[in-house]
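Contents: one structure, followed by commentary.
Values below: all heavy atoms of this structure, side chains included; hydrogens, waters and symmetry mates excluded.
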Amino acid sequence: MQTKDTQDSAHFGDDESNLTVRQKAETRFWLQVLNVNKLIYGDLNSALNDRFGLSVAKFDVLAQLFRYPDGVSMGELSKNLKVSNGNVSGLVTRLRKDGLVDRQVTETDRRSFRASLTEKGRKVFDEANKLHRQVVSTKLQSVPMSDIDAVTSGLKAMSMKTKDAFEEEEEI
């Protein structure tokens, strides 16, 4: 029978003795973030795919484009989604084939493109967004609102501190 300590050591490798209490806590934290992601992401991806033929990645592109009714540059879309230009380009190409997104050359720079939702894309996003909310709400229904607020607040603070630390490292 595994105890909590032996379960943790399986995640830390053979040389757990060299890890600090903080490193162990950071690893446990990271594993829980991944666990929550796994618990929600799989059902969400399946539901979106089954009903709309959308992956979560495609849904995220539609969500960003919904925020920009006049369209957004591919570079800005890439930045907002925190993925490479190549990934965004591939997603937009597939969404164009589905008739959900349009891509136009920008007036100021013929090498740049702007993406925007088509009318069909707006309708699909509206319905997919309802499903997205439903799946997430169902998965989190047993979690008290106070826990959701506390974890969200903590994760936001961690994101800011992690981002600040990363930017400081880049400057060095």
Candidate pair Val83 and Val88, rule side-chain contact (heavy atoms from CB on, under 4.5 Å), full reasoning: CA-CA 7 Å; Val83 298; Val88 166; 3.5 Å; yes
Derivation and outcome, salt bridge (charged side-chain N to carboxylate O under 4.0 Å, His left out), residues Asp126 and Arg122: CA-CA 6 Å; Asp126 187 49; Arg122 285 185 213 298; over 6 Å; no
CA sep, side-chain torsions, deciding dist, call: Leu54, Val124, side-chain contact (heavy atoms from CB on, under 4.5 Å): CA-CA 10 Å; Leu54 294 174; Val124 168; 4.1 Å; yes
Working for salt bridge (charged side-chain N to carboxylate O under 4.0 Å, His left out), residues Glu127 and Lys123: CA-CA 6 Å; Glu127 293 302 311; Lys123 290 177 182 174; over 6 Å; no
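Of the possible polar contacts, none joining the Ser73 side chain to the Arg114 backbone as a donor-acceptor pair under 3.5 Å is found. Between the side chain of Ser153 and the main chain of Asp149, no donor-acceptor pair closer than 3.5 Å is present. Listed for the Arg94 side chain is a donor-acceptor partner under 3.5 Å among the backbone atoms of Gly90. Panel note: side chain Lys139, backbone Leu39; a donor-acceptor pair is recorded below 3.5 Å.
Between Leu77 and Val92, the closest side-chain pair of non-hydrogen atoms falls below 4.5 Å. Side-chain contact between Leu117 and Leu100 is absent, with no heavy-atom pair separated by less than 4.5 Å. With contacts defined as side-chain heavy-atom distances shorter than 4.5 Å, the pair Leu31/Asn35 does not qualify. Taking the side chain as every heavy atom from C-beta outward, Gln64 and Val72 never approach each other to under 4.5 Å. Counting heavy atoms from C-beta on, the side chains of Leu34 and Lys38 never come closer than 4.5 Å. By the 4.5 Å heavy-atom criterion applied to side chains, Arg103 and Thr93 are counted as neighbours.
Going from atom CD of Gln134 over to atom CG of Leu44 covers 11.0 Å, rounded to the nearest 0.5 Å. Between the CG atom in Leu19 and the OG1 atom in Thr27 there is a gap of 6.5 Å [rounded to 0.5 Å]. Taking CG from Asn80 and CG from Asp60, the interatomic distance works out to 11.5 Å, rounded to the nearest 0.5 Å. Here Asn87 contributes atom CG and Lys82 contributes atom NZ; the two are 14.5 Å apart, rounded to the nearest 0.5 Å. Between atom NE2 of residue His132 and atom CG of residue Leu48 there is a gap of 6.5 Å, rounded to the nearest 0.5 Å. In this structure, Thr152 OG1 and Asp147 CG are separated by 10.0 Å, a value rounded to the nearest 0.5 Å.
In terms of heavy atoms, Lys58 sits closest to Asp98 at NZ-OD2, 3.3 Å. Contact between Gln104 and Ser116 at its shortest, heavy atoms only, is NE2-OG, 3.3 Å.
Neither Val36 nor Leu155 shares a network with the other; the hydrophobic side chains, linked directly or stepwise wherever heavy atoms of I, L, V, M, F, W or Y lie under 4.5 Å apart, form separate groups for each. When hydrophobic clusters are built by joining Ile, Leu, Val, Met, Phe, Trp and Tyr residues whose side-chain heavy atoms come closer than 4.5 Å, directly or via intermediates, Ile148 is not grouped with Val33. If you chain together hydrophobic residues whose side chains sit under 4.5 Å apart, Tyr41 and Val135 fall into the same group. Hydrophobic clustering (side-chain heavy atoms under 4.5 Å, transitive across Ile, Leu, Val, Met, Phe, Trp, Tyr) groups Val143 together with Val136.
The aromatic rings of Phe125 and Phe66 are tilted relative to each other, their planes meeting at an angle between 30° and 60°.
If you run side-chain contact (heavy atoms from CB on, under 4.5 Å) between Val56 and each of Asn49, Asn45, Ile40, only Asn45 comes through.
Side chains of Ser78 and Asn85: a donor-acceptor N/O pair is present below 3.5 angstrom, by distance only.
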